[in-house]
Asker: 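Sharing a structure with you now.
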Amino acid sequence: QVQLVESGGGLVQPGGSLRLSCAASGRSFANYAMGWFRQAPGKEREFVAVATWSGGTTYYADYADSVKDRFSIFRNSAANTVSLRMNNLQREDTAVYYCAAAASESDFLARRPDYWGQGTQVSVSS
């Protein structure tokens, strides 16, 4: 069975940093678009970041405008993992963060990934 399992969420003060990790199992996602969404209370689930396979072991990254200067996404195809380094976190970043994978970047950006994780809570508060 394919599973995506997130970890690394927690409580952090504004300006702090946090790293989320997503471990995939059940199949290889080496050639998938893989990344992160988030959903805050009362809001739509929104795109955060994605790393899309571009040949071999290389990937290119895309970010939501709200996080592009603060977050970094990393892929490890051999380990079948994706991580998200979040710097300078703000209260607006508080949300449940979901790992996701899609066979195409277009499906990922359309919020139609093939697989979802269960989410991990990130809370930014003083």
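Note: hydrogens, waters and symmetry copies are ignored here, and every other heavy atom, side chains too, is used.
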Asker: Could you tell me whether a side-chain N or O of Glu105 sits under 3.5 Å from a main-chain N or O of Leu109, the two making a donor and an acceptor?
Answerer: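 It does not hold such a pair.
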Asker: Write out all pairs satisfying ring pair (Phe, Tyr, Trp, His ring centres under 6.0 Å) with one or both partners inside residues 60-88, taking only residues at least two apart or from two chains.
Answerer: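 Found none.
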Asker: Taking the side chain as every heavy atom from C-beta outward, state whether Tyr32 and Pro113 have any pair of such atoms under 4.5 Å apart.
Answerer: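 No, their side chains stay 4.5 Å or more apart.
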Asker: Taking C-beta and beyond as the side chain, do Arg38 and Glu46 meet within less than 4.5 Å on heavy atoms?
Answerer: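 When only atoms from C-beta onward are counted, Glu46 and Arg38 do touch, with a gap below 4.5 Å.
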Asker: What closest approach, in Å, do Cys99 and Met34 show between heavy atoms, and which atom pair accounts for it?
Answerer: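 Closest approach of Cys99 to Met34: SG-CE, 4.2 Å.
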Asker: Within a strict 4.5 Å, meaning less than it, do heavy atoms of the Arg91 and Ser126 side chains meet?
Answerer: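 Counting from C-beta outward, Arg91 and Ser126 do come under 4.5 Å.
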Asker: Please check if the side chain of Glu6 supplies one atom and the backbone of Gly119 the other of a donor-acceptor pair under 3.5 Å.
Answerer: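 A pair under 3.5 Å: yes.
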Asker: Would you list the pairs meeting side chain to side chain donor-acceptor pair (under 3.5 Å) in which at least one residue belongs to residues 67-84, sequence neighbours left out?
Answerer: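 Sorted result for residues 67-84: Arg70-Asp93.
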Asker: Taking all atoms of both residues into account, what is the closest heavy-atom pair of Ser17 and Asn88, and its distance?
Answerer: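 So the two residues come closest at OG-N, 4.1 Å.
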Asker: Kindly list each side-chain donor-acceptor pair under 3.5 angstrom involving residues 47-54, sequence neighbours excluded, with atom names and distances?
Answerer:
from, atom 1, to, atom 2, distance (Å)
Trp53, NE1, Gly56, O, 2.7
Ser54, OG, Thr58, O, 3.3
Ser54, OG, Thr58, OG1, 3.0

Asker: Is any side-chain heavy atom of Val124 less than 4.5 Å from a side-chain heavy atom of Val122?
Answerer: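 A side-chain contact exists here, since the closest heavy-atom pair is under 4.5 Å.
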Asker: Can you tell me how far apart CZ (Arg85) and CG (Leu20) are? Round to the nearest 0.5 Å.
Answerer: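 Rounded to the nearest 0.5 Å, the CZ-CG separation comes out at 10.0 Å.
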Asker: Do other residues, nucleotides or ligands put more than 12 heavy atoms under 6.0 Å from Gln118 CD?
Answerer: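 Open.
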Asker: Per the ring-ring contact (aromatic ring centres under 6.0 Å, His included) rule, which among Tyr115, Tyr98, Phe37, Trp116 passes with Phe108?
Answerer: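 Testing Phe108 for a ring-ring contact (aromatic ring centres under 6.0 Å, His included) against Tyr115, Tyr98, Phe37, Trp116 leaves exactly one candidate, Phe37.
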Asker: How long is the gap from CZ on Arg27 to CD on Gln3, to the nearest 0.5 Å?
Answerer: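 Atom-to-atom, Arg27:CZ and Gln3:CD are 14.5 Å apart.
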Asker: Please report the shortest heavy-atom distance between Ala95 and Ala40, naming the atom on each side.
Answerer: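 Heavy-atom minimum between the residues: CB-N, 3.8 Å.
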Asker: With distance as the sole criterion, is a donor-acceptor pair present between the side chains of Ser123 and Ser125 under 3.5 Å?
Answerer: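 No, because no side-chain N or O of Ser123 sits under 3.5 Å from a partner of the opposite role on Ser125.
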Asker: I'd like to know if the side chain of Arg19 and the backbone of Leu84 have a donor-acceptor N/O pair within less than 3.5 Å.
Answerer: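 Looks like no, no N/O pair under 3.5 Å.
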Asker: With salt bridge (Lys or Arg N to Asp or Glu O under 4.0 Å) as the test, would you mind laying out the steps for Arg111 and Glu44 before giving the verdict?
Answerer: CA-CA 11 Å; Arg111 297 191 296 170; Glu44 298 281 347; 3.7 Å; yes
Asker: Would you say that Thr120 contacts Val96 through its side chain, given a criterion of any heavy-atom pair below 4.5 Å between the two side chains?
Answerer: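 No; the side chains remain at least 4.5 Å from each other.
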Asker: Return the minimal non-hydrogen interatomic distance between Ala24 and Leu4, and the atom names on each side.
Answerer: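 Answer, listing the atom of Ala24 first, then Leu4: CB-CD2, 3.4 Å.
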Asker: Do you know the tightest heavy-atom contact between Ala102 and Asp107?
Answerer: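 Where Ala102 meets Asp107 most closely, the heavy atoms are CB-CB, 4.1 Å.
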Asker: When rounded to the nearest 0.5 angstrom, what distance separates OG in Ser25 from CD in Gln1?
Answerer: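 Between Ser25 OG and Gln1 CD, I get 8.5 Å after rounding to 0.5 Å.
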Asker: Counting N and O atoms only, with roles assigned by atom type, does the side chain of Tyr59 sit under 3.5 Å from a partner on the main chain of Ala30, one being a donor and the other an acceptor?
Answerer: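 Yes, because the side chain of Tyr59 sits within donor-acceptor range (under 3.5 Å) of the backbone of Ala30.
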